[in-house]
Amino acid sequence: MGASENDILNPDPGHDLNPNYGFIVDRNDPMHRFGPRNTRPVTRLVESEGNRFELTWTSRPKAIVDQLLRWQAQYEQGFFVFRDHERDRYYSGNFIAPLKYSDEAYEKWTVQGIFQEYAGVPMFAYPDDWNNHGVFIEETDDFGNVVPATSGIWTYQAAAPAHGGHEIMNAGTNGVDFATFSYLGYGFRLWLRTQGNFGQCEISLDDAVIVPVLDLYTAAVVASKPVVEHPAVPWGLHRVKMRTLGTKNGGSTDFLISCDALQVMR
Amino acid sequence: MLPANVIAGMKRGSGMMPILLVDVQLADGTILHWSDFEGTFPMKLGVPGEKIKYEAKLKHCGPFRLSRSLKTDAGDVMVHNLSGRAPARDVSSVFAQSEFEGALVVVRWWDIAFEYALWEFHCYWSEPSDGEQEVGGRLLQLFDPSQLDAPMDTYSEQCTLEYKSERCGSTSAQLTCAKSIGDCTVRIALERFNGTPHPPPVNLQTKSASNSNVVVRGGGQHGGGIVRVNLE
């Protein structure tokens, strides 16, 4: 059995296996919400259900119908890849119920089905159009609250080179303080600034270390930019953790760690 | 008391909902780690603090009804029974192989970003039920007062029966009885004396949540006795 993330239903944009143009894409609301009167809403991320595509193939020859039915049966307990050519995105999932099909006469058929994307499943290609599909999670939200879950002392402060002009800063002198962003989405880019008195930290994703030592030292001040880019993450609820190490580059004059912004692929 | 940073995070208007972590230790020593969110988290049972994979088998856990009275704190737990080789699926296999009744359970409401248990409930599994698609049970607090056997009468050096009553059974010519074991001996009803002419044994003064019932009987065919009192 090969890797199912390479089994693409509709790799060719001109093929009859592509559904009718204008299909509906839907997704469950991932949040619990409470809208109190006269103040801001309260929300908590709960679910990670992926996108749902309501697809129709009209006036298709029998060979296409047979192929679609075979794909449905082949992967009904597994997954395959559906390509959205308009957005140039690939989604891993399967048809969540048997396909409906009907004969239109003249040897033409109509097929309908729902493709469900699954969380935590490998993908053929991970989305990386950061400019169009990436969203930022800053160190504070629109209401002034610090967003990352923090342990230790992280001081909110203005800093012109930081993304959005602000950051939270830790002394970086121990190996236990952390700041953790939680998000719903695919991969991420961690935006950090660097300068001459910054130390080193560790970056982990969902409790797995992906950068054991991230050195934030540069002799000159460098404005915030993506210093860790990790697009190969399946859809789901994730957490990115910056942990201070209490270490620094030999050239650095201090151990400071700045937590700035996370860009998340949606 | 929760740490200040966790309290600040909980007060925020947005964020991620805490997840449920359930550790189960069966009578044969098997330890299971289940969650409603698959991931690696520090275990409570096993090697405490060491991280282990929690399988996303939990459908729901709760609601828990807590009380400050002698009512038993309790909640429900439900685990899916779909995965594994049919017909002996994962969870039902565990049910079949091991005794779930009385299994030690620790439930935690876990904030994955702060890596902190916001709430923790230590309990034991009762009323296990094995269904086709899900299995479940009731989680009852440790030191469950409904497990205690309470005597019908208070422990006392003196007999509590009415002198010459049917339960006392004495036909003595003595007009009164001091309810002591000495008087009872004279009044020839000793086999129905329901006092305890010595301090109660130490193991009656504290009671563990185990199933070993401590049975203390008063004297005789009609005297004393013990009843199980459900305090719920």
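Protein chains get the first letters and strands the later ones, always in sequence-line order, with residue 1 at the start of each. Since we're looking at a predicted model, the values are computed, not measured. Quick note: numbers below take in every heavy atom, side chains included, and nothing from hydrogens, waters or symmetry partners.
Here the straight-line distance linking atom CD1 of B/Ile112 with atom CG of A/Asp206 works out to 7.5 Å at 0.5 Å rounding. In this structure, the separation between CD on B/Glu38 and CG on A/Leu237 is 13.0 Å, given to the nearest 0.5 Å. Note that CG of A/Asp207 is 6.0 Å distant from CD of B/Glu115, once rounded to the nearest 0.5 Å.
In terms of heavy-atom pairs under 4.5 angstrom with chain B, the leader among A/Arg33, A/Arg239, A/Lys241 is A/Arg239. Your options are A/Val146, A/Leu184, A/Asp141, A/Val240, and the one with the most heavy-atom pairs under 4.5 Å with chain B is A/Val146. Counting heavy-atom pairs closer than 4.5 Å to chain A, the top residue among B/Phe114, B/Phe37, B/Phe41 is B/Phe114.
With B/Met17 as the fixed residue, the side-chain contact (heavy atoms from CB on, under 4.5 Å) test singles out one of A/Glu47, A/His32, A/Met31: A/His32.
Enclosure of atom CD1 in A/Ile153 is not indicated, since only 12 or fewer non-hydrogen atoms of other residues, nucleotides or ligands lie within 6.0 angstrom. More than 12 heavy atoms of other residues, nucleotides or ligands lie within 6.0 Å of CH2 in A/Trp130, so this atom counts as buried by the packing criterion. A 6.0 Å sphere centred on CZ of B/Arg65 holds no more than 12 heavy atoms belonging to other residues, nucleotides or ligands. Within a 6.0 Å sphere centred on CG of A/Asp142, heavy atoms belonging to other residues, nucleotides or ligands number 12 at most.
Contacts between A/Pro41 and chain B at a heavy-atom distance below 4.5 Å involve the backbone alone (N, CA, C, O). Heavy-atom distances place the backbone of A/Tyr183, and not its side chain, under 4.5 Å from chain B.
Closest non-hydrogen pair, A/Ser182 versus B/Met16, comes out as CB-CE, 3.5 Å. Nearest approach of B/Arg12 to A/Val147, heavy atoms of both residues: NH2-O, 2.8 Å.
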